[in-house]
Protein chains: 2
Amino acid sequence: MAAKRSGAQGKRSQPGELPEAVPEPRGEPPLSLERIVATAVELLDAQGVDGLTMRRLADRLGSGVMSLYWHVDSKEDVFDLALDSVLEYGGPPQACEPQDWREEVVGVLEDWRASMLRHPWSASLLPRRALGPNILGRLELLSKTLSGAGVADADLNVAIWSLWNHVMGSTVTRASFELSDDDRAAAQQRLARRSERYPTIERSRLLLDSDWDGTFRKGLDFLLDGLAPRG
Amino acid sequence: MAAKRSGAQGKRSQPGELPEAVPEPRGEPPLSLERIVATAVELLDAQGVDGLTMRRLADRLGSGVMSLYWHVDSKEDVFDLALDSVLEYGGPPQACEPQDWREEVVGVLEDWRASMLRHPWSASLLPRRALGPNILGRLELLSKTLSGAGVADADLNVAIWSLWNHVMGSTVTRASFELSDDDRAAAQQRLARRSERYPTIERSRLLLDSDWDGTFRKGLDFLLDGLAPRG
DNA sequence: ACCTGAACACCGTTCAAGT
DNA sequence: ACCTGAACACCGTTCAAGT
């Protein structure tokens, strides 16, 4: 959940030192929460959720395994921090003012989805994890936008969770069914072999040709149609 | 993915045997795929996803660990089979004929959701897993119903995945935020402590009072409104 | 304040062997 | 056809200790 305090450290560039001295040119920089989280994200990007191991993480950082535990409470903690770090919000894309609330909501959610697609392990980690500041920030932004658009207080939580589920679901599903072509072909093979049992999904090539971006956009439109303040 | 063949076995109740003989009264019955899967589900219900261990599973079955591997390819295989077994479809609830396609779809999805809520680990296993016959059967049923209702072929996959994401998302989210009261209070505490940063979600008590059933039903209605064949 | 190695109590799975 | 134990190559984390 909460990482340990990382006390005051790194008194870089004090005046009156050797002028030529390059800052930390040799060896690894010292351990820090930032470095641990950044390296964890690298490892997750490279090897997936199962690839993240405390020992491997320590190796990449050039430290002993147990050194990590001074900065971090547990492996769960590392997951929480990596997830939240990947969901940092950069703010609205342009200097362009949001024209209308609906465009604004779509923008917020598309940015969220794009962040998760950049790190395919992240969507599957979204449920069951403690919510970090960036995730809470995104929820707050979404919530404020919807509220400002006139969604009644009584409907606000329903609206937020519906949208959250849609973003998470469409990202997770896309990641899990975007297998290698071989795997997908094999899956459809198995399906075809018993096409008498599953004629409809075999005919629509559900496991082969699904349009993930379209699913996201259309589903989102339907939800927003429904959530739009009445009147 | 596919469990190993479990050859012909169990020639129960042949005629002309000792009439009083109780079938297998002493000791454990022999290992079988069915018994392995059923016990895995028990273990998952009791201990959650992390609680399922090949060694613990073997213990419960009264066998050696490696005996499992004759019936099963890997632990992944056990997960796939357990997940699919929990999603067996019992058919429509009553003798009542479906009045209209929309009611039928709602019924199919509510049954799906109910099955997963009975086994809180199942929703989180739904993504990333090979689709077993029961899951494929449910997809086929859903697909057929939508198709029969007039949803255009071009929209069919989008419709199925949107509904899949909604059912999975709402179940997974509910399970992960239905923590103990203590945990939930603590989460809201942390939120309250920085209520200046997250005023909206703090005010709406997003992490405390969310109405999961309402979210499911309302989100589903919006999706179905949107997916309904035009005209 | 920060880092370490040894040790503990586990994992999933390979393998060669038993019946 | 079905089951087994020993062994391998790992895990996350506790602990007592170093600087």
Side-chain angles (χ1 to χ4, degrees), chain A residues 1-12 24 26-37 39-40 43-44 46-82 125 128-130, chain B residues 1-12 24 26-37 39-40 43-44 46-82 125 128-130:
Chain A
M1 191 152 290
K4 292 173 182 167
R5 287 289 114 238
S6 186
Q9 48 153 34
K11 32 158 190 151
R12 307 222 308 100
E24 330 190 42
R26 79 213 69 177
E28 312 277 358
L31 231 40
S32 71
L33 197 56
E34 292 74 39
R35 229 162 69 76
I36 291 175
V37 174
T39 308
L43 198 48
L44 285 162
Q47 320 246 35
V49 176
D50 293 337
L52 178 59
T53 274
M54 294 305 270
R55 290 169 208 257
R56 277 209 271 257
L57 183 53
D59 267 7
R60 269 199 188 220
L61 288 159
S63 76
V65 200
M66 294 316 299
S67 310
L68 301 176
Y69 285 85
W70 196 87
H71 300 269
V72 133
D73 278 336
S74 65
K75 192 187 177 183
E76 290 277 287
D77 207 0
V78 177
F79 276 129
D80 291 338
L81 293 164
L125 248 40
R128 319 206 149 274
R129 308 248 138 242
Chain B
M1 189 154 288
K4 292 173 180 167
R5 285 293 114 236
S6 184
Q9 48 154 34
K11 33 162 186 150
R12 304 220 312 98
E24 329 193 43
R26 78 214 68 177
E28 311 279 358
L31 232 40
S32 72
L33 197 55
E34 291 74 37
R35 230 163 67 74
I36 291 175
V37 174
T39 309
L43 198 48
L44 284 163
Q47 321 245 34
V49 177
D50 293 337
L52 178 59
T53 274
M54 294 306 269
R55 291 170 208 256
R56 277 210 271 257
L57 183 53
D59 267 7
R60 270 200 186 219
L61 288 159
S63 76
V65 201
M66 294 317 298
S67 311
L68 301 176
Y69 284 86
W70 196 87
H71 301 268
V72 134
D73 278 336
S74 65
K75 192 186 177 184
E76 290 278 286
D77 206 0
V78 176
F79 276 129
D80 291 340
L81 292 164
L125 248 40
R128 319 208 147 274
R129 307 247 139 241

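Here is the naming used below: chain letters follow the sequence lines, and residue numbers restart at 1 for every chain.
Listed by chain and residue number, Ser124(B), Ala175(B), Ser176(B) satisfy the side chain to side chain contact (heavy atoms under 4.5 Å, CB included) test with Arg128(A) (two or more places apart in sequence, or in another chain). For Arg55(A), there are no side chain to side chain donor-acceptor pair (under 3.5 Å) partners, not counting sequence neighbours. Remark: Ser63(A) pairs with Leu31(A), Ala58(A), Leu61(A), Ser67(A), Leu68(A) by the side chain to side chain contact (heavy atoms under 4.5 Å, CB included) rule, at least two apart or across chains. With sequence neighbours excluded, the residues satisfying side chain to side chain donor-acceptor pair (under 3.5 Å) with Arg60(B) are Glu42(B).
In terms of heavy atoms, Val78(A) sits closest to Val72(A) at CG2-CG1, 3.8 Å. Taking both residues in full, the closest heavy atoms of Leu43(A) and Leu52(A) are given as CD2-CD1, 3.5 Å, listed atom of the first, atom of the second, then distance. Shortest non-hydrogen contact noted between Ala130(A) and Asp80(A) is N-OD1, 3.6 Å.
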Within the sub-3.5 Å range, which N or O atoms of nucleotides 15-19 of chain C have a protein N or O partner, and how far apart are they?
none

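Rounding to whole angstrom units, CH2 of residue Trp70(A) and P of dG12(D) are separated by 21 Å. The CG atom of Leu68(A) sits 12 Å away from the C1' atom of dT13(D) (whole-angstrom rounding). The nearest whole Å value for the distance from the CG atom in Asp50(B) to the P atom in dT13(D) is 11 Å. For the pair Ile36(A) CD1 and dC2(C) P, the interatomic distance rounds to 11 Å; values are reported in whole Å. Here dC11(D) presents its P atom at 11 Å from CD of Gln47(A), a figure rounded to the nearest Å. dC11(D) atom C1' lies 12 Å from atom NZ of Lys75(B), rounded to whole Å.
Residues Arg129(B) and Glu76(B) meet the side-chain proximity criterion, which asks for heavy atoms closer than 4.5 Å.
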Q. So what is the 5' to 3' dot-bracket string for DNA chain C, if pairs are Watson-Crick or G-U wobble with both distances under 3.5 Å, crossing pairs use [ ] and | means the partner sits on another strand?
A. ||.|||||...|||||.||
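Pairs of residues two or more places apart, or lying in two chains, never qualify as salt bridge (Lys or Arg N to Asp or Glu O under 4.0 Å) while including a residue from residues 62-72 of chain B.
Distances shown here put every side-chain N or O of His71(B) at or beyond 4.0 Å from the OP1 or OP2 atom of dA1(D).
As rounded to the nearest Å, dA9(C) and dA9(D) have P atoms that lie 22 Å from one another. dC3(C) sits 14 Å from dC15(D) when the C1' atoms are compared, rounded to a whole Å.
In terms of modelled atom types and a separation under 3.5 Å, the side chain of Arg56(A) and the main chain of Gly51(A) share a donor-acceptor contact. A donor-acceptor pair is defined here as one N or O able to donate and one able to accept, closer than 3.5 Å; such a pair exists between the side chain of Ser32(A) and the backbone of Arg35(A).
Less than 4.0 Å separates DNA chain D from at least one heavy atom of each of the following residues of residues 53-64 of chain B: Ser63(B), Gly64(B).
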